[in-house]
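Here's the structure, in structure tokens; my notes come after.
Atoms within each ligand, like the ligands themselves, are counted from 1 in listed order. Not measured: the values here are computed from a predicted model.
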Amino acid sequence: MSRDSSSRTLVLLTGGTGGAKLVLGFHEETAPEDLVVVCNTADDSVVHGLHVSPDVDTIVYTLAGLIDPAKGWGIHDDTFAVLEQIQRLGGETWFHLGDRDIATHLTRTRLLTEGQPLSRVTAALCQALGVKSTVLPMSDQRVETRLSTSAGELSFQEYFVKARWQPEVLSLRYRGIETCGPSPGLLEAIHGAALVVVCPSNPATSIGPILAVPGVRAALRETPAKVAAVSPMVQGRSFSGPAHKLMATLGVEASVTGLAAAYRDFVDVLVIDTEDRGLQPAIEQLGVDARATSIRMDTLDDKKRLARELLQFSV
Ligand code: GDP
């Protein structure tokens, strides 16, 4: 399939917190209708009987202007009365869900139970919340990251939230990945894009599952669009969370050079921080173009500036 030369579609592959910062930058710098945001769903969990889709929700809330900016997840000014009552009733409350956030999970669970696929449910939530971009879960089928750790086998939320990413991770797998398929329109969006951006999300637990959905990695290799990736790390450390600790599960070192090695078969350009400028030659030796700039996104201006810099790669 060849790209329509008038395409302005930007395909963004993302997890939650880190990727959402750049997604917001693109949302502010382009027409929202031109964005197709592909979200990891391997962190999805059933909590109190409700289907929670943390990365999809972080992106939808970000694009709808509902996100809690301090936490980077959930709805701003939300209350926690339901969770407090669950605690009183003896339930587990380590996974925080706000009251208005629970309305999202109730609605999603109801629509899924009625037989609608996750991609259509997500589209309905977007429409109701006024989100004009397309938000695509990576798959309509259930995929679950399972981590083999020093504390036993854990789901991603048990490792990340409950155990505060302290156990040593020996290996991980994406349960269900072999038999899942990409969401409708996902491969076509990659093939027809003006630019594809791998956002600065965890390479093992956010980007890894998306890449492992059958057909996605091949589509990224074959698309005529440029594929750019932004590092979620600087000087071998993540800006937040355990990404650097999990690089070994991908068989690469915890650095931007390791990231280039993990993405080299489909990424044309890797955007790294100026502090990692010294690694540019090593990355280029792997056949990946490296660009150094400031990749820390603390303010809205940082997010917009980085998005603008990436837009220069669109064809
Ligand atoms: P999760 O789904 O909530 O785990 O979130 P993601 O995987 O999308 O995001 C976590 C990643 O975002 C971590 O690896 C962080 O290092 C990265 N990150 C957080 N803030 C920033 C930032 O300001 N700039 C960049 N480049 N990466 C960031």
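- Annotation: side chain to side chain donor-acceptor pair (under 3.5 Å) contacts of H244 (sequence neighbours excluded): R237, S238.
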Please report, to 0.1 Å, the donor-acceptor pairs under 3.5 Å made by any side chain of residues 199-217, with sequence neighbours excluded.
unit_1: S201; atom_1: OG; unit_2: G15; atom_2: N; d: 2.9
unit_1: S201; atom_1: OG; unit_2: G19; atom_2: N; d: 3.3
unit_1: N202; atom_1: OD1; unit_2: A204; atom_2: N; d: 2.9
unit_1: N202; atom_1: OD1; unit_2: T205; atom_2: N; d: 3.3
unit_1: N202; atom_1: ND2; unit_2: T205; atom_2: OG1; d: 3.2
unit_1: R217; atom_1: NE; unit_2: D265; atom_2: OD2; d: 2.9
unit_1: R217; atom_1: NH2; unit_2: A262; atom_2: O; d: 2.8
unit_1: R217; atom_1: NH2; unit_2: D265; atom_2: OD1; d: 2.7

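- Residues that satisfy the side chain to side chain donor-acceptor pair (under 3.5 Å) test with D99, not counting sequence neighbours, are T79.
- Closer than 4.0 angstrom to ligand 1 sit non-hydrogen atoms from G15, G16, T17, G18, G19, K21, D43, D55, P200, S201, N202, S206, S231, P232, S238, F239, S240, A243, I295, R296, M297.
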Kindly determine whether E29 and R308 satisfy salt bridge (Lys or Arg N to Asp or Glu O under 4.0 Å), including the steps that lead there.
CA-CA 7 Å; E29 289 296 318; R308 276 198 308 275; 3.2 Å; yes
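- Note on R8 versus D34: salt bridge recorded, some NZ/NE/NH1/NH2 to OD/OE distance being below 4.0 Å.
- Using a 30° and 60° split on the angle between ring planes, F160 and F156 fall in the parallel class, below 30°.
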